[in-house]
Amino acid sequence: RAVADLDFIVPDWPVPAGVHAAVSLRTGGASTGRYASLNLGDHVGDEPGHVRTNRDRLRAALGLPAEPLWLEQVHGTDVARFTGEDRPRADAAVALAPGQVCAVMVADCLPVLLADREGTCVAAAHAGWRGLAAGVIERTVEALPVKPSRLVAWLGPAIGPEAFEAGPEVRQAFLAGDPETTVEFRPGVGDRWLADLYGLARRRLVRLGIRDVSGGGFCTV
């Protein structure tokens, strides 16, 4: 949906009214060229003033109560909390108090949103295949002070199973932790595989005890 000339995907998931989430699209920003137009990353070489303007527009359009906790993402498993640190090096963030805003930046990687059924805590994780295989979802769930069975999850836009062509090292990274994940890989050309990032994430969420998982119907490609 559009809000103040910015376009968003709004999750359809069973969370309390006090929990709000959105995924911004590329429209409505100040950036130009290959960054056009709502680039929110300050680490890719875009004009810093354009990034600041884009973040301000995002905050205004969504009526955010505070600046999001922007992360320095490294395809790892560290989870950030709201401690006052600016741009912590992490690939997930958790919020345990009202008015705190978690954020992750993604291109083809998978954003995983979590919230408990009472609306007391939320989290956002950046789950590319490396982070997913290494346990970023598990680490994020561990950082929340509720039982996993009380959580709901939403899988945002990511590269879809018809487009994610992976090498044998990707498949092996997942099979090493759970041989049953072989069903999430289909043979491609040569030694390549077509991997279902959504299926891999759902499998891990269910194994943790999170069975209410929404989303997963997108493909960024």
Side chain of [X], backbone of [Y]: donor and acceptor closer than 3.5 Å?
X	Y	value
D46	Y35	no
T220	I159	yes
E165	G188	no

If you round to the nearest 0.5 Å, how far is [atom2] of [Y] from [atom1] of [X]?
X	Y	atom1	atom2	result
L40	R57	CG	CZ	11.5 Å
C219	Y198	SG	OH	7.0 Å
R211	R202	CZ	CZ	14.0 Å
T77	E142	OG1	CD	9.5 Å
L71	R87	CG	CZ	9.0 Å
I137	L200	CD1	CG	9.5 Å

Heavy atoms of other groups near [X] [atom1], more than 12 under 6.0 Å:
X	atom1	answer
E169	CD	yes
D191	CG	yes
R192	CZ	yes

Nearest non-hydrogen partners of [X] and [Y], listed with the distance:
X	Y	result
F218	G156	CD1-C, 3.9 Å
D91	V104	O-CG1, 4.2 Å
T53	A30	CG2-CB, 3.9 Å
L38	S24	CD2-CB, 3.9 Å
P148	V141	CG-CG1, 3.9 Å
R26	A36	NH2-O, 2.5 Å

Side chain to side chain contact (heavy atoms under 4.5 Å, CB included) between L132 and R204, worked out: CA-CA 9 Å; L132 191 57; R204 287 174 175 257; 4.0 Å; yes
Residue that, paired with W13, satisfies side-chain contact (heavy atoms from CB on, under 4.5 Å) out of L114, V152, D212: V152
Step-by-step salt bridge (Lys or Arg N to Asp or Glu O under 4.0 Å) determination, D78 to R89: CA-CA 8 Å; D78 286 346; R89 189 180 178 92; over 6 Å; no
Aromatic ring pairing F185/F174, orientation class (parallel under 30°, perpendicular over 60°, tilted between): tilted
Give a yes or no on whether [X] and [Y] share a hydrophobic cluster (residues Ile, Leu, Val, Met, Phe, Trp, Tyr; joining criterion: side-chain heavy atoms under 4.5 Å apart).
X	Y	answer
L151	V213	yes
L69	V79	no
L110	I9	yes
F82	L113	no
V19	L155	yes

Salt bridge (Lys or Arg N to Asp or Glu O under 4.0 Å) between R186 and E162, worked out: CA-CA 10 Å; R186 294 186 292 112; E162 301 301 322; 3.1 Å; yes
Criterion side chain to side chain contact (heavy atoms under 4.5 Å, CB included) on H75 and C109, from CA distance to verdict: CA-CA 9 Å; H75 296 279; C109 293; 3.7 Å; yes
Taking the side chain as everything from C-beta on, heavy atoms only, tell me whether [X] gets closer than 4.5 Å to [Y].
X	Y	value
P68	C102	no
H126	V136	no
T182	L175	yes
L96	L144	yes
P98	P65	no
P145	C121	yes
F8	L62	yes
R55	E67	yes

Side chain to side chain contact (heavy atoms under 4.5 Å, CB included) evaluation trace for R207 with E138: CA-CA 10 Å; R207 191 166 61 181; E138 289 84 349; 4.0 Å; yes
Derivation of the side chain to side chain contact (heavy atoms under 4.5 Å, CB included) call for D178 and R203: CA-CA 10 Å; D178 179 6; R203 183 175 293 273; 3.4 Å; yes
Charged tip of R171 within 45° of W193 ring normal and under 6.0 Å: yes
Sequence neighbours excluded - side chain to side chain donor-acceptor pair (under 3.5 Å) pairs with any residue from residues 145-156: E118-R150
Check against side chain to side chain donor-acceptor pair (under 3.5 Å), N54 and S31: CA-CA 8 Å; N54 292 341; S31 298; 3.0 Å; yes
